[in-house]
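Because only heavy atoms are used, hydrogens play no part in the values below, and waters and symmetry mates are left out as well, while side chains stay in. A note on names: the letters A, B, ... follow the listed sequences, proteins ahead of strands, and every chain is numbered from 1.
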Amino acid sequence: MYGRKGCQLLKELSSSEKGHLPQFNSDLFEQVFAECSQHHLELQSLIRKMQEEGLDVQTAKNADHHGALIHHLALVRNKRCLMAYVYNRADNVRSLLWKIGHVLPKEIEEKLSHSEEVYFKKHSARLKSYMSSLQVDLTVDMVPPKDPYIKIRVLDDIGEGIVLSDDKTANFARHSIHFLKRTDAEQFISRGLMEELTG
Amino acid sequence: MAKYYDIDDIITEEETVSVIFQKAASGVGIDPSAEMDFVEAGSKVELPFWLAHELHLRQAVSVNVPLCFNQKTRLEIQADSASVDLRSRCPFFYEFGCKMAPLVADRTIGFLLLSAFKSRYKEVLTKAHTASFEAGSKFWTILTKEEINLYETAQSAMASFKKWRIGGARFQIASILRRKRKPTE
């Protein structure tokens, strides 16, 4: 049936777990694209046939007219599916910037198509230039702070010599516990390298 | 146009409707019973809603009431609305019903939707607050997408309320990096 593949593409996107981004399905995407071209060809051939029979394409309502209409509608439908796929993924890609930060982990980067990667990088550069003109880092303090310092535990070896905002360096060995400025810790927590200790 | 990019709206419109062609159409392969790429006037074909709707507007087809609003479903909803499996009938039962209602001669669809939703809504909210996780997940399988959203909202509201009372970690790993379950392929 016409338009089924386009809808499959979207079902794949909507059935993925909330907040997760599935791999860009370029294979199916190309197939829908090819379907569009096919509809376009058939639409043109039907219209040409009507013209050869000397009918007015605008007003004649014969079988060819309805055939052409169905191809036109299928084409518009497929376009909508493709647009929605790209649009909703772009939405998701933008939100990655706020959730994870300017550097994407490898396993997420693999799921993006090439143009989505470029889009992410450009979006990130724009945001950086905007924040530097404002002189405020908008990506930190997503949760309103209660205390400027928090206690954290390191979950993974991050490495030595990381410079914190107060110009001191810290050695974040695995399982070590630190008392940090929350703005320094926040990016590591959202990337899953540290966890906040409470109580 | 507001819903042009809405994935749920697009999937709702993929739901099939059986129609009867009033006009012939050539050069299209949508009738599986036809040998040629030609649909005769008077033939009965299953079409997705998006196509049926547009063709109906141009008086090329007449639309029948879809199966998920048939007499059997109505009787089940009247008997015990909360335990009817609406998901297997149509995951977007209410949205699809709203789209279908203006197309068919049947004027009772609106009333059916309203009464089904009203009585199921109560049950969804009660279960969301009281059911344990396993019982809840069994209950889930009969809900439509709209009802699942309600169910999850009710549960997350309760969870946030408890968290607010007790307190707890305010920072969390970004949900996209969390791996609770393996992705089901």
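Here the CG atom belonging to A/Leu10 is positioned 10.0 Å from the CG atom belonging to B/Asp8, to the nearest 0.5 angstrom. For the atom pair CD (B/Glu54) and CD1 (A/Ile70), the distance works out to 11.5 Å, reported to the nearest 0.5 Å. Here the straight-line distance linking atom CG of A/Leu73 with atom CZ of B/Arg58 works out to 5.5 Å at 0.5 Å rounding. Once rounded to the nearest 0.5 Å, the distance linking CG of A/Asn88 with CD1 of B/Ile10 reads 7.5 Å.
Chosen from B/Leu55, B/Val39, B/Ile7, the residue pairing most often with chain A at heavy-atom distances under 4.5 Å is B/Ile7. The candidate from B/Leu47, B/Leu51, B/Thr16 with the greatest count of non-hydrogen atom pairs under 4.5 Å with chain A is B/Leu51.
Looking at B/Val28 and A/Tyr2, their side chains come closer than 4.5 Å, going by heavy atoms from C-beta outward. Inter-residue side-chain proximity for B/Pro48 and A/Arg77 is flagged as unmet; no heavy-atom pair is nearer than 4.5 Å. Contact of the A/Gln8 side chain with the B/Glu14 side chain is not registered, since no non-hydrogen atoms from C-beta on lie closer than 4.5 Å.
Annotation for B/Ala60 and A/His66: closest pair CB-CD2, 3.7 Å, computed over non-hydrogen atoms.
In terms of hydrophobic clustering, with Ile, Leu, Val, Met, Phe, Trp and Tyr side chains grouped at heavy-atom distances under 4.5 Å, A/Ile47 and A/Leu75 are assigned to different clusters.
A salt bridge links A/Arg80 to B/Glu13: one of the charged nitrogens lies within less than 4.0 Å of a carboxylate oxygen.
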